[in-house]
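A quick write-up on the structure given underneath.
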Protein chains: 2
Amino acid sequence: MTNKTPKTLGKDTLSLVAERFKVLSDPLRLQILQELRQGERSVNEIVEATGAAQANVSRHLQILARARIVDRRKQGLHVFYRVADPTVLDLCAVVCNGLEESLARDLDSVRGNPDTP
Amino acid sequence: MTNKTPKTLGKDTLSLVAERFKVLSDPLRLQILQELRQGERSVNEIVEATGAAQANVSRHLQILARARIVDRRKQGLHVFYRVADPTVLDLCAVVCNGLEESLARDLDSVRGNPDTP
DNA sequence: TGCAAATATAAGGATACGGTAATTCAGCAG
DNA sequence: CTGCTGAATTACCGTATCCTTATATTTGCA
C-alpha cells in the first residue's frame, strides 16, 4: 500500500524531511545512536561510551527523543534510551556505504587508476 | 566486497556522515534536488521552479556541488546541474516513507485506533 | 569594444546551534 | 527530613547558518 512512485513534495513536507536530516547531522548524536544500536543504554552509559559531558548528552538525547528517533524508559534513578525508529540506522548505513565508495574512488584516482575518473 | 556487517565507526567518520546529513538538512536544497531528480536543469530553471532568489540558489548549488551530490556542466551562458549521487534520492525516499508512516500512526491514534499506541 | 544576460561571490544582519557551567529535579538510603 | 546520585534544565557564549542586497565575473552578441 505504500506509494513507491516518486512524487513531488510540497515545501512543508520538504521542511519536515530537512528537519529529520538535521537531527542526524550532528556527530555526537550519531555516536549516541551508534551506541544505542547495540541495545538499550542508560544516560550514564552513553556518557561514558561517548566521553561527552552529561549535560551535552542529555540535551542531544532530548533532541533525538523529540524527533521520535529514540524512546525513554525510566527505572528508579536511571533513564534508559533505545532506538525507536530503526530506519535511521538504515540511513546511516546508506551514507556510510556511499562514503566508502567515494573514498575508494578518490584513492583509485590518486593511484592513477584510469577506470575511475 | 562491500562490508554488510554493521561495524563501529570512529568519530572522524561520524563527522563525515553528519556533514553529509547536514547538506541534506535544508528545505531549499531538498527542493533543488527534487527538481534535479527530473533531469538536468539550468540555474535559471531552478530559480523559477523554486521561487527562491538567484544568489540563494547559486549558493546552495555550490554547497551541493562541494558535497559531490550534484555535478555542473557549462554550456554558453548557462550552467546545467544534475544529480551526481543518486543515493541521496534514496535517503529522501526513506525519510519520506518513514514520515508518512509516522503521520499515519498519529492519525490512527487520534481516531482512537487501539492497535497503534 | 561595449552591452546584456547568466551565474558566482562578498558583505551584512538575524537566527539557530553546540558546548560548558551552574542549577534544579527526582528517586532512593540512612 | 537530610543527604546523595542520576538526569534534566537553564543561562551564557562563541560560532555557524541562512537570506538579502550589492557587486563581480563570465560569456555571447551587436
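The shown structure was predicted, so the numbers you read here are calculated from the model rather than taken from an experiment. Here is how names work: the chains are called A, B, and so on, in the same order as the sequence lines, proteins then strands, and each is numbered from 1.
Pairing each heavy atom of B:Arg68 with each of B:Ala84, the nearest pair is O-CB, 3.8 Å. The shortest heavy-atom contact between B:Val23 and B:Ala67 is CG2-CB, 4.0 Å.
Summary of the strand contacts: A:His60 and B:Phe80 both lie near DNA chain C, and taking for each the nucleotide with the nearest heavy atom, the more 5' one is attributed to B:Phe80.
Expressed to the nearest 0.5 Å, how far CD of A:Gln34 lies from CG of A:Leu89 amounts to 10.0 Å. Expressed to the nearest 0.5 Å, how far OG of B:Ser15 lies from CG of B:Leu9 amounts to 11.0 Å. Here A:Arg41 contributes atom CZ and A:Ile46 contributes atom CD1; the two are 8.5 Å apart, rounded to the nearest 0.5 Å. Interatomic distance, CG of A:Leu14 versus CZ of A:Phe21, reported as 10.5 Å (0.5 Å rounding). Atom NE2 of A:His60 sits about 8.5 Å away from atom CG of A:Leu64, to the nearest 0.5 Å.
A nucleotide of DNA chain D counts as in contact with chain A when one of its atoms lies under 4.0 Å from a heavy atom; the first and last such, 5' to 3', are D:dT5 to D:dT9.
Taking A:Gln54 as the reference, nothing meets the side chain to side chain donor-acceptor pair (under 3.5 Å) condition, with sequence neighbours excluded. Checked against side chain to side chain donor-acceptor pair (under 3.5 Å), B:Thr87 has the following partners two or more places apart in sequence or in another chain: B:Asp85.
Looking at residues 40-52 of chain A, you'll see that no heavy atom sits under 4.0 Å from any atom of DNA chain C. Residues from residues 61-71 of chain B placing a heavy atom under 4.0 Å of any atom in DNA chain C, listed by number, are B:Gln62.
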Notebook entry, point to check: In B/S/- notation, 5' to 3', how is nucleotides 21-30 of chain C contacted by protein heavy atoms closer than 4.0 Å?
Noted result: BB---SBS--

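The only option from B:Glu35, B:Glu40, B:Glu45 that meets the salt bridge (charged side-chain N to carboxylate O under 4.0 Å, His left out) definition with B:Arg82 turns out to be B:Glu40.
Between A:Arg29 and C:dG18 there is a side-chain N or O to OP1 or OP2 distance below 4.0 Å.
Taking the side chain as every heavy atom from C-beta outward, B:Gln31 and A:Lys11 approach each other to under 4.5 Å.
No more than 12 heavy atoms of other residues, nucleotides or ligands sit less than 6.0 Å from atom CD of B:Glu19.
Between the side chains of A:Gln75 and A:Arg73, at least one donor-acceptor pair of N or O atoms lies under 3.5 Å.
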